[in-house]
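Note sheet for the following structure.
Each chain gets a letter, A, B and so on, in the order its sequence line appears, and its residues count up from 1.
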Amino acid sequence: MNENEILSQLNDRQQEAVLQTEGPLLILAGAGSGKTRVLVHRIAWLMDVNGVRPWNILAITFTNKAAEEMRRRVETITDLESGSVWVSTFHSLCVRILRRHADLLGYSRSFTIYDTDDQMTLMKRVFKEHPGDLRSMKERAVLSAISKAKDELTDVSAFRLENKDFYGEKTAALYEAYQRNLKESNAMDFDDLIVNTVRLFEQHPEVLDLWQERFHYIMVDEYQDTNTAQFRLLSLLAAKSGNLCVVGDDDQSIYKFRGANIRNILSFEKIFREASVVRLEQNYRSTGMILKAANEVIRHNRGRKEKTLWTERGDGEKVRFRRFDNAFEEAEFVCGEIASDVRSGNSRYGDHAILYRTNAQSRLFEEKFLLANIPYKIVGGVNFYSRKEIKDLLAYLRMIANDADDLSVRRIINVPKRGIGAATVARLDAYAQAGGISLCDALAEIERIPGISGAAASKLTGFAGLIAVLREKAGYLPVHELLRETADLTGYTKELELENTDESKARLENIEELMNKASQYDAGEETPTLTGFLEEISLIADIDTLEDSDDRVLLFTLHAAKGLEFPDVYMTGMEEGLFPGSLSIHADNPQEEIEEERRLAYVGITRAMNRLTLTCARSRMVRGDIMPMPISRFVREIPKELLDLGSTGEAPARRKPGGGLDERLRSALMTDAGRLTFGKEFHEDTESAYSGRSTYRNPYLKGQGAAGRTPGSAPPAARTPSGGSGFGYETGDLVRHIKFGQGTVREMKYTDRGCMVTVDFQSWGVKKMRAEVANLVKCN
DNA sequence: TATATAGTGTTTTTT
DNA sequence: ACACTATATA
């Protein structure tokens, strides 16, 4: 593109940001103000107008998905091959650098990356090794102290100097032991990736020079969420060229708990004194009502850079607020609304997003969507890669790739069960410790290990042999085949097959899924390697795998939703104690903590393009008991004229505590309203979902029958349950469910909640569900 | 050594 | 509510 083409697509402020290519630049970009657009056009300008070579440009994004998106957009507007522009996250960037120079820091290039679970396992081990009275300390707390230290680039000796009290000293000792263990295992945790890159640059000026020469122009997205270590990294890289452009919004800083340093943005101008500042305040995303609500909420924060977003879009609909008796009804409402929206043809499932504060809240929604056969995807939450069977198999791969990885060896030395007990492992470990060698190395010298008897020794030899075979295969097999061999040769698959329970079947499915991912990796990479595969799955988050093309309702935590936008957004669980969470309300520094929560609310509100709905429950199950939940202060901070309170009209600002008769009547009305939506219309909708638009593919079913039924084959299914079954099937019939597959109807019972049908599914066992929503289809 | 059971604590949020 | 740990038992 030429100059005019690039500039014509931008407003004045955006143009300013693109034209200012030299020197430090801070772009204060409000939510939805087109910051990605600016970054993309800036890259295009650098390349097409200024003639900068693509490989001299580095862009850092918050997620891999954002990186990919940016690369794609640059690709479409530039004349040049943009492939060699580096667009990556901090962590991926650091790994790429470290793989090249790890030996300078005393690591091998095949170092392993430890995730949060691995960190915990390692810390538990460190606790055990550590004599003395650590009983009162928690691994979690120590890990978080260490992580915090690393975010601030505080090494063990500095930590020791800063923390001289009893617990400080203990923590310092644990920090030291933890780091030693990591290094001996040739492993780094997430924080180490950043810290070690900084150390590399500081200790090896020639290496720093190399990379400074490479990156003449550096751009950083989501700058408000960088921590001290990341900022140091940027300063080092940009020290020579001085061309550092950061884009951020202090109002969207929501990762303080992870070390994000809001000072980085508030004082950028002080640190880089000749820095230019550009403000982007025109919002292109949301309607006026939504934007006003967002402005009103964030206005309650002190210590922010004053700015007010505006839009040329019209006011649009008011922000809807609905309150329900419990979380169950809240979920029914949201589910029913989305179902009827899609049925009416106004939107697709993928236009809707459900946001919540904690991952635990997703379960209720999941249940509803499952029963209603609405395609959905929960992003984040229980990580696929943290499932036991996945971690087990990956542990095998890791020990193949990195023989110093004792943590992985320990994990799978007796998995599946091969009769190697704790006592034997302890002796092996003692021998390895004494000789200063890894467990793998010790395995090669079994005959010399004292105390290991004939039986135990032969079992260990067998294990060592197995590993040797796998290692040999790793030399020539692609990753997915190596994975299959591993699952077979170790007997892992066999064991699960023999177990033959619902759970073991699900685990087998997961293993299959892992192999699929490996195949995808093998196919998509120019030079696939085992290390590369392991690295990819450690650094790729759930959100990164999201395909825009598939049409499903998306469920996120508010954190995970950052940087995304949706036409129709539901913010759920708007309750004091949940959001803002009780931890922040009762913190030592409530003001600060609540402000962070408020920024989170701001992020949530500004995700919405056309319609925003806030919901909450009067009572909610919290850790086992039912708690009364007041309406979130963030709802109350929105002026009433911006809110649509629904037909039952509960004014959030003056709700009577205790609830008199009035209140109870209104509750009842509210409940009914929820039911109405859910009952009649809902059923019709699930049918329309079945008969066409849905692209939902059930991951639990393979091959035929995995997709929804073909258009036109929907059953006539009368809704009135009077007389016969009224559902197109009866007791004894073979039926099919989209998730559970085929099963036999055992019982049909009519209650005041409608017809409850009990089905004995072939691969899931007996399930009881509401016939109205189960959408069972009779098989012939 | 492996398994069943009772008891314990735990959670915001994530690369 | 749930997962994880320590303990008792075969």
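Taking each heavy atom of A:R398 and A:S408 in turn, the nearest pair found is CD-OG, 3.4 Å. A:A442 and A:L428 make their closest contact through CB-CD1, 3.8 Å (heavy atoms, listed as atom of the first residue, atom of the second, distance).
The separation between A:M574 atom CE and B:dT12 atom C1' is 15 Å, rounded to whole Å. The NZ-C1' distance, from A:K459 to B:dA2, rounds to 12 Å in whole Å. Atom-to-atom, CG of A:L355 to P of B:dT13 comes out at 15 Å; the value is rounded to the nearest Å. Rounded to a whole Å, the CD atom of A:E596 is 13 Å from the P atom of B:dT14. For the pair A:M188 CE and B:dT15 C1', the computed distance is 16 Å after rounding to whole Å. Atom C1' of nucleotide B:dT15 and atom CG of A:D117 are separated by 14 Å, given to the nearest angstrom. For the pair A:K562 NZ and B:dT12 P, the computed distance is 20 Å after rounding to whole Å. One atom, CG of A:L600, and another, P of B:dT13, lie 11 Å apart when rounded to the nearest Å.
A sub-4.0 Å separation between OP1 or OP2 of B:dT12 and a side-chain N or O of A:T557 is absent.
Checked against side chain to side chain donor-acceptor pair (under 3.5 Å), A:N301 has the following partners two or more places apart in sequence or in another chain: A:R598. Partners of A:T490 by side chain to side chain donor-acceptor pair (under 3.5 Å), not counting sequence neighbours: none found. Legend: residues meeting side chain to side chain donor-acceptor pair (under 3.5 Å) with A:N196, ordered by chain and number and at least two apart, are absent.
Checked against the 6.0 Å centroid threshold, A:F127 and A:Y178 do not count as a close aromatic pair. Taking the six-membered ring for Trp, A:F231 and A:F90 have ring centres at least 6.0 Å apart. Ring to ring, A:F634 and A:F579 are close: their centroids are under 6.0 angstrom apart.
Here A:F257 counts as stacked on B:dT13: its ring centre is under 5.5 angstrom from the base ring centre and the planes meet at under 30°.
Contact annotation for A:T424: backbone-only contact, meaning every heavy-atom pair under 4.0 Å involves sugar-phosphate atoms and none involves a base. Nucleic acid contact class of A:D151 (heavy atoms, under 4.0 Å, all strands): none. Using a 4.0 Å heavy-atom cutoff across all strands shown, A:F579 reaches no nucleic acid atom at all.
Among B:dT11, B:dA2, B:dT13, the nucleotide with an atom closest to any side-chain atom of A:L583 is B:dT11.
Between A:L578 and A:S92, the residue whose closest nucleotide on DNA chain B is further toward the 5' end is A:L578. Projected onto DNA chain B by closest heavy-atom contact, A:G581 and A:I420 fall at different nucleotides, the more 5' of which corresponds to A:I420.
Between A:W211 and A:H101, the ring planes lie perpendicular to each other; the angle is over 60°, past the 30° to 60° tilted range. Between A:F111 and A:Y107, the ring-plane angle classifies as perpendicular under the 30° and 60° cut-offs. Note on ring orientation: taking the six-membered ring where Trp is involved, the planes of A:F190 and A:H91 are perpendicular (angle over 60°, cut-offs 30° and 60°).
Think of the region where chain A sits on DNA chain C: with heavy atoms and a 4.0 Å cut, that region ends 5' and 3' at C:dC2 to C:dT5.
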Nucleic acid footprint by protein, nucleotides 5-10 of chain B - heavy-atom cut-off 4.0 Å, B for base, S for sugar-phosphate alone: -----B

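Within residues 356-363 of chain A, the residues approaching DNA chain B are A:R357, A:T358, A:N359, by heavy-atom distance under 4.0 Å.
When each of A:F566, A:Y570, A:Y356 is tested with A:F556 by the rule ring-ring contact (aromatic ring centres under 6.0 Å, His included), just one qualifies, namely A:F566.
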